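Below you'll find the structure, written out as C-alpha cells, and then a few comments.
Numbering of ligands and ligand atoms starts at 1, following listing order. The structure displayed is predicted, hence computed values, not measured ones.
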Amino acid sequence: MTRPYRSALYIPGSKPRALDKARGLAVDVILFDLEDAVSPDEKASARATLADELGKGGYGDRLRVVRINALDTAWGDEDSKAVGAMECDAVLLPKVNTAADVDALAARVDKPIWAMMETPLGILNALEIAAHPRIEGFVLGTNDLAKDLNSRTRDAMMTSLQLCLLAARAHGVVALDGVYNAFKDEDGLRVECEQGRDLGFDGKTLIHPAQVAVANAAFAPTQAEIDLATRQIEAFTQAEAQGQGVAVVDGKIVENLHIVTARATLAKAATIAEMDAS
Ligand SMILES: CC(C)(COP(=O)(O)OP(=O)(O)OC[C@H]1O[C@@H](n2cnc3c(N)ncnc32)[C@H](O)[C@@H]1OP(=O)(O)O)[C@@H](O)C(=O)NCCC(=O)NCCSC(=O)C[C@H](O)C(=O)O
Ligand SMILES: [Mg+2]
C-alpha cells in the first residue's frame, strides 16, 4: 500500500492535551516536537511526556515522527538516547547541514531518519543528505530558512525548495513543504498547499488541527484526475492491444510513462478511500 503524506501536523511534546487530540485527527503524519515548540525549561519533562503518550499508543496508521533537538544543543544527546526507545517510526533531525550530521545521529539511533532542510548549508548539500542510506524524508523548515536567507517572501525561497525537491526525487526520499504560519487563514493556506503540490511536494507540514482538511484535500487526487487516469489506462490498454505504443485522450498523447503516473494516482486515491472508510 502506498502511504499518503498529505498532512503532517507538528504537536508540541509538552502538551498532553494536544498529544491526545492527535489520536482522533485525520492526519497522515504526526511530527511530535521536542525542538522549537517546547521551551527550554520544559525540554526534559516534554521528553518524558512524549515517551509516555507514545507508549500508550492509539495513533493508528499515522506515521509517528519525533523531532529531537540538534545534537550540538544542550538537549540533543539526551533526546537521541530517549528517542531510540520511543514507540515511533522515524526521528526528525533539525538544522541538518551535511551528511555527517546524519551520520552522527545514525550512530546513536537505529531508526529511519528524516532531515529538516532549513539552513543555507543544508540546502546546498541537499543531494548528499538525500543520498544518505538512513534518510527517508525531507521536511522544509521555511521559517528558519527565511531567517537565515534574510528573505521576505516564499518566491525568494523557490530555489531552495526546488533544490530540496530535486535531491529528494533523485534518491526516492519523501519531501514535505514548510508550514503556513497564519493558521486561521484558510484561503491563504489553500493557495500555498496547491503551490506546494504543483511543485511536487508530497504534503504540507501544519501547526494547527484546523489546517488538516485543507492539506488533505489539496494533496489528494481530485475526481477529475481519477477519471482522467482511468480513461488513460483504458485507452492505452486498447492501443497496446492494437499493437500501438501511443494513445490519445482529450487530444493529448498518452505513452507508457503517463500510465505510470495514472496508476500511481489511482493507487493513492484507493489508499485514501480505504483510510477514510476505516
Ligand atoms: C499555534 C498554537 C499555539 C495555537 O494554540 P491554541 O490557541 O491553544 O489553539 P486552539 O485554542 O485553537 O486549539 C484548539 C484545540 O486544538 C488543540 N491543538 C492546537 N494545536 C494543536 C496541535 N498542533 N496538535 C494537536 N492539537 C492541537 C488544542 O489543544 C485545542 O484542543 P481542545 O482543548 O481539546 O479543544 C498551537 O496550535 C500550537 O502550539 N501549534 C504547534 C506549534 C508548533 O508545533 N510549532 C513548531 C513547529 S513549526 C516549526 O518549527 C517549523 C520549522 O522548524 C521552520 O523552521 O519553519
Ligand atoms: Mg526550524
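- With Tyr59 as the aromatic partner, Arg23 meets the cation-pi criteria of under 6.0 angstrom to the ring centre and within 45 degrees of the ring axis.
- The nearest protein atom to atom 14 (C) of ligand 1, hydrogens excluded, is given as His208 NE2, 4.0 Å; this is a heavy-atom distance.
- When hydrogens are left out, the protein atom nearest atom 47 (C) of ligand 1 is Tyr10 CG, 3.4 Å; that is the closest non-hydrogen contact.
- Per-residue contacts place Met116 under 4.0 angstrom from the following atoms of ligand 1 (heavy atoms of the residue considered): 52 (C), 53 (O).
- With hydrogens and angles left out, the side-chain atoms of Ser7 and Asn216 include a donor and acceptor closer than 3.5 Å.
- Under the 4.0 angstrom criterion, atom 2 (C) of ligand 1 counts as lacking any protein heavy-atom contact.
- Summarising the contacts of atom 42 (C) of ligand 1 with Ile207, Asn181, Leu19, the nearest heavy atom is found in Ile207.
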> Can Asp185 and Tyr180 be said to form a side-chain hydrogen bond (donor to acceptor under 3.5 Å, both in side chains), step by step?
Replying inline: CA-CA 9 Å; Asp185 173 9; Tyr180 186 71; 2.7 Å; yes
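- In this structure, atom 44 (O) of ligand 1 has protein heavy atoms in its sub-4.0 angstrom surroundings.
- Nearest-heavy-atom check against atom 52 (C) of ligand 1 across Arg67, Lys184, Lys95 picks out Arg67.
- Ionic pairing of Lys15 and Asp20 is not present here: no N-O contact between side-chain nitrogen and carboxylate oxygen is shorter than 4.0 angstrom.
- Distance from atom 19 (C) of ligand 1 to its nearest protein heavy atom, with residue and atom name: Pro209 CD, 3.7 Å.
- Residues Val65 and Val91 do not share a hydrophobic cluster, clusters being chains of Ile/Leu/Val/Met/Phe/Trp/Tyr side chains in contact below 4.5 Å.
- Within ligand 1, counting atoms from 1 as listed, the ones closer than 4.0 Å to a heavy atom of Ala37 are 43 (C), 44 (O), 45 (N), 46 (C).
- Counting all heavy atoms, side chain and backbone alike, Asp28 lies closest to Met275 at OD1-CE, 3.2 Å.
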> Passes side-chain hydrogen bond (donor to acceptor under 3.5 Å, both in side chains), Asn97 versus Asn125? Steps please.
Replying inline: CA-CA 7 Å; Asn97 284 317; Asn125 287 325; over 6 Å; no
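- No side-chain donor from either of Thr153 and Asp155 sits under 3.5 Å from a side-chain acceptor of the other.
- Of all protein heavy atoms, the one closest to atom 30 (C) of ligand 1 is Lys21 CD, 4.3 Å.
- There is a protein heavy atom closer than 4.0 angstrom to atom 9 (O) of ligand 1.
- In terms of protein heavy-atom proximity, atom 33 (O) of ligand 1 is nearest to Arg17 NE, 2.6 Å.
- Less than 4.0 angstrom separates atom 5 (O) of ligand 1 from none of the non-hydrogen atoms of the protein.
- Distances below 4.0 Å separate heavy atoms of Asp33 from the following atoms of ligand 1: 46 (C).
- Between Leu9 and ligand 1, a contact under 3.5 Å exists for no N or O pair.
- Within the 2.8 Å limit, Glu118 places at least one N, O or S atom next to the Mg ion (ligand 2).
- Every atom of ligand 1 is numbered from 1 in the order shown, and the set under 4.0 Å from a heavy atom of Glu118 is 52 (C), 53 (O), 54 (C), 55 (O).
- With Ile68 as the partner, the side chain to side chain contact (heavy atoms under 4.5 Å, CB included) test is satisfied by one option alone out of Leu92, Asp79, Asp77: Asp79.
- Residue-to-ligand polar distances place Asp144 within reach of ligand 1: an N/O pair is separated by less than 3.5 Å.
- For Asn143, heavy-atom contacts with ligand 1 shorter than 4.0 Å involve the backbone as well as the side chain.
- Note on Asp144: its N/O/S atom closest to the Mg ion (ligand 2) is OD2.
- Residue-ligand proximity, Lys15 to ligand 1, at heavy-atom distances under 4.0 Å covers atoms 39 (O).
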